[in-house]
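Chain naming here is simple, since letters A, B, ... match the order of the sequence lines and numbering starts at 1 in each.
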Amino acid sequence: MPMHNEEIARVFDEMADLLEIAGDNPFKVRAYRNAARTVRNLGRELAEMVAAEEDLTRLPGIGRELAAKIRELVATGRLRALEKLHRQVPPTLEELLRIPGLGPRRVALLWRRLGVRDLRGLERALAAGRVARLRGFGPRTVEQIRQSLRSRTAVERRFLRFDAARHATALQRWLEGATGVKEVVVAGSFRRGRETVGDLDLLAVVEGKSEVIARFLAFDEVTRVVSRGITRATVFLRNGLQVDLRVVSPEQAGAALVYFTGSRAHGIRLRRMAQARGLKMNEYGVFREGVNLAGADEASVYATLDLPWIPPELREDRGEIEAARTGRLPRLIEPADLRGDLHCHTRASDGHGSLREMAEAARAAGLEYLAITDHSVRIGVVHGLDEERLVAQMEVIDRLNGELEGIVLLKGMEVEILEDGRLGMPDEVLERLEVVIGAVHSHFRLGRRQQTRRLLRAMENPHLHLVAHPSARLLESRPPIDLDWRAFLRAAAENRVVLELDAQPRRLDLDDIHARQALDAGVEIAIDSDAHTVQDFALLEEGVRQARRGWVEPDRVVNTLPLESLRRRLRGS
DNA sequence: GCCGTTTTCGGCCCGACTGTTTTCAGTCG
């Protein structure tokens with residue numbers, strides 16, 4: 001069982017946590033965390049790089065020692081240094097760090113002085129009143145720990161960006177009603193367009209005095225105030241979403257926006273660059289010997305480092321700073337670049353609109369063409385179309401195309417990719433369609449070899465144009481299928497199969513990293529709504545955002561093509 | 001443990017808020 005990057009990153013994070021509790025050199029701890037981040041963001045599998053005997057020390061934050069540890073992990077699946085650490089520090093202490101208010105110093109104290117090793121031990125120590133007697137544990141801290149244990153806020157929870165957006169908008173509107181507020185911006189991972197967010201970071205740009213913090217605390221969804229200050233406050237909303245508000249003045253707004261948009265790794269890189277130039281960069285501006293050089297807008301902040309403005313979706317320290325420095329930032333795709341949508345459903349299968357309703361909604365959304373791709377009849381999908389119903393639908397589409405203006409419907413189908421890689425519809429039928437999408441809706445848990453073989457075989461079918469939502473994951477509920485992505489992408493490129501980026505908020509599949517890998521492998525992408533209702537075409541924007549995170553440029557997206565070019569492209573494959 | 005347009009040694013991003021202190025450590029983002 002080969003070791004994946006995520007597991008290696010987790011090992012490094014665990015090393016960092018335990019070293020920190022053990023009181024080891026804080027910079028060594030940071031080195032492990034940096035390495036974990038590098039590994040997580042890496043576009044390629046370390047196991048493959050090790051197999052190819054590539055020089056791992058060329059990766060940022062990976063030196064001789066950590067390169068050796070990566071090789072050890074890949075080769076043996078174990079890390080002796082971690083096992084040795086486990087003999088000194090109980091590994092279960094890691095779970096205590098997840099509790100808000102407990103950091104490495106306090107966890108170390110609980111462990112060394114009270115023998116607390118895990119959550120249960122902590123509960124017992126609390127009940128016995130032993131925690132309150134420790135130095136540094138006052139009544140407020142003890143109460144906070146008790147509450148965290150009770151409400152299980154210790155468990156990290158992420159929210160779909162799409163769901164958080166509703167709260168973000170409501171809060172923005174509410175805060176903009178406070179005196180002196182010029183603008184309220186949502187920063188953080190939300191602004192970077194991540195598919196899920198852990199919290200919301202709001203930035204209020206305020207002129208003069210303002211009651212914006214008080215108004216924030218009075219928002220009617222607020223159930224708990226964690227902290228409140230002059231420039232900053234943190235609350236929890238009823239649904240468990242944490243929201244941070246920062247108050248900044250207009251001349252600081254750009255610096256604050258850079259700072260609070262992150263990512264952390266991106267910000268650290270910027271501040272290090274600033275430092276190397278004798279500058280100091282923080283959320284208030286960029287300074288040389290106390291003199292403010294920039295800060296009112298983001299572009300001025302980047303300019304002090306001789307960098308162009310970098311789109312938020314790229315700010316993950318995945319090469320965007322190097323690209324900016326050398327003038328190689330991508331021209332990222334925008335919603336207006338999309339001319340059509342190649343994936344939607346009607347009442348004929350599991351959708352909710354008629355053919356005409358879907359067509360008119362797509363036209364209203366600014367699209368020029370729309371492929372109708374109802375499900376084929378097979379396992380797992382309700383109301384799939386059989387051959388007969390499909391042929392009937394094709395006739396209706398022909399007739400509708402004669403009546404509709406400003407939108408063209410394409411005849412298509414979302415066909416099941418069966419367990420063995422065959423498609424769930426005979427070739428004679430598929431060859432009459434303009435858009436054939438293959439999709440996995442069953443047998444999600446096949447082993448990597450079998451799953452990869454299944455998709456490779458499906459892509460060898462000459463009638464297949466696209467593979468829909470390739471990983472088949474559902475965010476926060478179903479893990480991605482186990483796939484050899486390298487082989488999968490190579491086969492997609494060879495067979496000229498387009499990979500879909502499905503814009504449904506729960507899917508967003510391809511994800512950002514795989515979208516970028518697909519481009520690198522020479523594979524084209526389609527950004528589709530997978531609409532099931534007339535409202536769903538608005539979701540294309542979510543798909544575009546994810547594509548931007550994957551560095552996708554419009555000329556690599558087939559549904560930016562004019563209709564006739566698209567038809568030629570699909571016939572040619 | 002990493003890293004180097006000044007460095008192979010001596011640095012390592014930066015500030016707010018809280019609680020427990022009596023001048024600041026710990027935590028968080």
Side-chain angles (χ1 to χ4, degrees), chain A residues 12 15-17 19-21 23-38 56-70 81 85 96-110 131-145 148 153 156 187-190 197-203 213 225-235 242-248 252 255-256 258-287 305-306 317 325:
Chain A
F12 285 169
M15 284 293 295
D17 284 345
L19 286 171
E20 201 170 21
I21 293 169
D24 210 317
N25 176 0
F27 296 108
K28 181 169 160 183
V29 171
R30 189 183 300 174
Y32 274 100
R33 289 203 210 291
N34 287 341
R37 200 173 48 222
T38 292
L56 301 178
T57 66
R58 297 171 61 135
L59 300 171
I62 307 292
R64 215 166 49 88
E65 297 269 338
L66 285 171
K69 288 189 167 66
I70 290 171
L85 197 53
L96 297 182
L97 287 177
R98 313 264 172 275
I99 296 175
L102 282 189
R105 309 302 290 259
R106 288 192 175 129
V107 168
L109 218 54
L110 286 167
V131 177
R133 289 200 289 274
L134 282 178
R135 192 181 167 77
F137 287 79
R140 304 288 299 269
T141 306
V142 169
E143 187 48 35
Q144 190 194 1
I145 295 171
S148 298
T153 48
E156 196 197 337
S189 51
F190 186 91
V197 298
D199 61 8
L200 283 180
D201 295 291
L202 300 184
L203 213 63
I213 295 267
V225 177
V226 181
S227 74
R228 55 166 72 166
I230 309 208
T231 63
R232 207 182 117 176
T234 298
V235 303
Q242 181 185 324
V243 188
D244 297 337
L245 173 68
R246 331 263 173 163
V247 182
V248 299
Q252 305 165 339
V258 170
Y259 194 92
F260 294 117
T261 296
S263 67
R264 218 170 157 110
H266 178 86
I268 287 173
R269 288 287 307 278
L270 294 184
R271 289 191 288 278
R272 270 215 292 259
M273 282 177 73
Q275 197 184 34
R277 290 162 181 247
L279 304 174
K280 182 151 98 166
M281 181 182 286
N282 57 29
E283 59 263 57
Y284 304 115
V286 186
F287 304 88
L305 304 177
D306 292 320
D317 191 20
R325 198 156 48 195

Student: Separation of A/Phe27 atom CZ from B/dG1 atom P, in whole Å?
Tutor: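 Rounded to the whole Å, the gap is 15 Å.
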Student: Please state the P separation for the pair B/dT23 and B/dC17 - nearest whole angstrom.
Tutor: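 So the two P atoms sit 23 Å from each other.
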Student: In whole angstrom, give the distance that lies between atom CZ of A/Arg269 and atom P of B/dC14.
Tutor: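 Taking atom P of B/dC14 as the reference, CZ of A/Arg269 is at 15 Å.
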Student: Which whole number of Å gives the distance between the C1' atom of B/dC3 and that of B/dT8?
Tutor: 10 Å
Student: Could you write out each protein N or O paired with an N or O of nucleotides 3-6 of chain B at a distance under 3.5 Å?
Tutor:
{"residue": "B/dC3", "atom": "OP1", "partner": "A/Gly61", "partner atom": "N", "Å": "2.7"}

Student: Pick base, sugar-phosphate or nothing for A/Gly101, based on heavy-atom distances below 4.0 Å to the nucleic acid.
Tutor: sugar-phosphate
Student: Does A/Pro104 reach a base, just sugar-phosphate, or nothing at all? Heavy atoms under 4.0 Å.
Tutor: sugar-phosphate
Student: Distance check: side-chain N/O of A/Gln242 vs OP1/OP2 of B/dG29, anything under 4.0 Å?
Tutor: yes
Student: Determine the interatomic distance between C1' on B/dT7 and the same-named atom on B/dC2; round to the nearest Å.
Tutor: 14 Å
Student: Could you work out the separation of B/dC13 and B/dT18 based on their P atoms and round it to a whole Å?
Tutor: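 Their P atoms lie roughly 26 Å apart.
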Student: Under the side-chain contact (heavy atoms from CB on, under 4.5 Å) test against A/Asp244, which residue among A/Asp199, A/Val235, A/Val226 passes?
Tutor: A/Asp199
Student: To the side chain of A/Arg232, which of B/dA16, B/dC13, B/dC2 is closest?
Tutor: B/dA16
Student: Show your reasoning for whether side-chain contact (heavy atoms from CB on, under 4.5 Å) applies to A/Leu85 and A/Met15.
Tutor: CA-CA 8 Å; A/Leu85 197 53; A/Met15 284 293 295; 4.1 Å; yes
Student: At their closest point, which heavy atom of A/Arg135 faces which heavy atom of A/Leu109, and how far apart are they?
Tutor: O-CD2, 3.4 Å
Student: Under 4.0 Å, counting only non-hydrogen atoms across every strand here, what does A/Phe260 touch: a base, just sugar-phosphate, or nothing?
Tutor: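 If one applies the 4.0 Å heavy-atom cut-off, A/Phe260 turns out to touch nothing in the nucleic acid.
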Student: Roughly how many Å is it from CG in A/Leu56 to P in B/dG1, rounded to a whole number?
Tutor: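 These atoms are roughly 16 Å apart.
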Student: Just how far, in rounded Å, is C1' of B/dA25 from CZ of A/Arg135?
Tutor: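 The distance from CZ of A/Arg135 to C1' of B/dA25 comes to 10 Å, rounded to the nearest Å.
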Student: Please list every donor-acceptor pair under 3.5 Å in which a side-chain atom of residues 268-277 of chain A meets a protein atom from a residue at least two apart or in another chain.
Tutor:
{"residue": "A/Arg269", "atom": "NH1", "partner": "A/Asp317", "partner atom": "OD1", "Å": "2.9"}
{"residue": "A/Arg269", "atom": "NH1", "partner": "A/Glu322", "partner atom": "OE2", "Å": "3.2"}
{"residue": "A/Arg269", "atom": "NH2", "partner": "A/Glu322", "partner atom": "OE2", "Å": "2.8"}
{"residue": "A/Arg277", "atom": "NH1", "partner": "A/Asp306", "partner atom": "OD2", "Å": "3.0"}
{"residue": "A/Arg277", "atom": "NH2", "partner": "A/Leu305", "partner atom": "O", "Å": "3.4"}

Student: Which nucleotide in the list B/dC13, B/dG26, B/dT18 gets nearest to the side chain of A/Ser227?
Tutor: B/dT18
Student: Is the phosphate of B/dC17 approached by A/Thr231 (side-chain N or O, under 4.0 Å from OP1 or OP2)?
Tutor: yes
Student: Which sits closer to the 5' end of DNA chain B, A/Arg228 or A/Asn25, going by the nucleotide each is nearest to?
Tutor: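 Its nearest nucleotide lies further toward 5', so the answer is A/Asn25.
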Student: Output yes when at least one side-chain N/O atom of A/Lys69 is less than 4.0 Å from OP1 or OP2 of B/dG1, else no.
Tutor: yes
Student: Measure the distance from CZ on A/Arg37 to C1' on B/dG1 and round it to the nearest whole Å.
Tutor: 14 Å
Student: Restricting to non-hydrogen atoms, name the atom on A/Leu102 and the atom on A/Phe137 that form the minimum distance, rounded to 0.1 Å.
Tutor: CD2-CE2, 4.1 Å
Student: Checking A/Thr141 against A/Val131 for the side-chain contact (heavy atoms from CB on, under 4.5 Å) test, could you report, in this order, the C-alpha distance in whole Å, the side-chain angles of both residues, the deciding distance, and whether it holds?
Tutor: CA-CA 10 Å; A/Thr141 306; A/Val131 177; over 6 Å; no
Student: Taking N and O atoms by type only, does the side chain of A/Arg30 place a donor or acceptor under 3.5 Å from a partner on the base of B/dG1?
Tutor: no
Student: Sticking with atom P, work out how far B/dG1 lies from B/dT5, rounded to a whole angstrom.
Tutor: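 Straight-line distance between the two P atoms is 23 Å.
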Student: Between atom CZ in A/Arg264 and atom P in B/dC13, what is the gap in whole Å?
Tutor: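 Computing the A/Arg264:CZ to B/dC13:P distance gives 12 Å.
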Student: Between B/dC12 and B/dG19, how many Å separate the two C1' atoms, rounded to a whole number?
Tutor: 29 Å
Student: When you check the phosphate oxygens OP1 and OP2 of B/dA16, does a side-chain N or O of A/Tyr284 lie under 4.0 Å from one of them?
Tutor: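 It does, given that an N or O in the side chain of A/Tyr284 lies less than 4.0 Å from OP1 or OP2 of B/dA16.
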Student: Can you tell me how far CG of A/Leu203 sits from CG of A/Leu245, rounded to the nearest 0.5 angstrom?
Tutor: 8.0 Å
Student: Rounded to the nearest Å, what distance is computed from the NZ atom of residue A/Lys28 to the C1' atom of nucleotide B/dC2?
Tutor: 12 Å
Student: Which part of the nucleic acid, if any, lies within contact of A/Ile230, taking any heavy atom under 4.0 Å across all strands shown: a base, the sugar-phosphate backbone alone, or nothing?
Tutor: sugar-phosphate
Student: Using purine N1 to pyrimidine N3 plus N6-O4 or O6-N4 for Watson-Crick, or N1-O2 and O6-N3 for G-U wobble, both under 3.5 Å, which nucleotide pairs with B/dC9?
Tutor: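 B/dC9 is paired, partner B/dG4.
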Student: From the list B/dC17, B/dC14, B/dG1, which nucleotide is the closest neighbour of the side chain of A/Lys280?
Tutor: B/dC14
Student: Could you tell me how far B/dG15 sits from B/dT21 if I compare only their P atoms? Round to whole Å.
Tutor: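 Straight-line distance between the two P atoms is 27 Å.
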Student: Taking CE from A/Met281 and P from B/dG15, how many angstroms apart are they, rounded to a whole number?
Tutor: 12 Å
Student: Between A/Arg33, A/Arg105, A/Arg106, A/Arg30, which is the residue that forms a salt bridge (charged side-chain N to carboxylate O under 4.0 Å, His left out) with A/Glu20?
Tutor: A/Arg33
Student: Can you tell me if A/Arg106 touches the phosphate of B/dG26, counting only side-chain N or O atoms and a distance under 4.0 Å to OP1 or OP2?
Tutor: no
Student: Taking the C1' atom of each, how far is B/dC14 from B/dC9, in whole Å?
Tutor: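 Here B/dC14 and B/dC9 have their C1' atoms 24 Å from each other.
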Student: I'd like to check the salt bridge (charged side-chain N to carboxylate O under 4.0 Å, His left out) partners of A/Lys69; sequence neighbours left out, ordered by chain and number.
Tutor: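 If we apply the salt bridge (charged side-chain N to carboxylate O under 4.0 Å, His left out) test to A/Lys69, skipping adjacent residues, the hits are A/Glu65.
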Student: Where each residue is assigned the nucleotide of DNA chain B containing its nearest heavy atom, which of A/Gln144 and A/Gly103 is assigned the position nearer the 5′ end?
Tutor: A/Gln144
Student: Hey, are the side chains of A/Asp17 and A/Arg98 touching, using non-hydrogen atoms and a 4.5 Å cut-off?
Tutor: yes
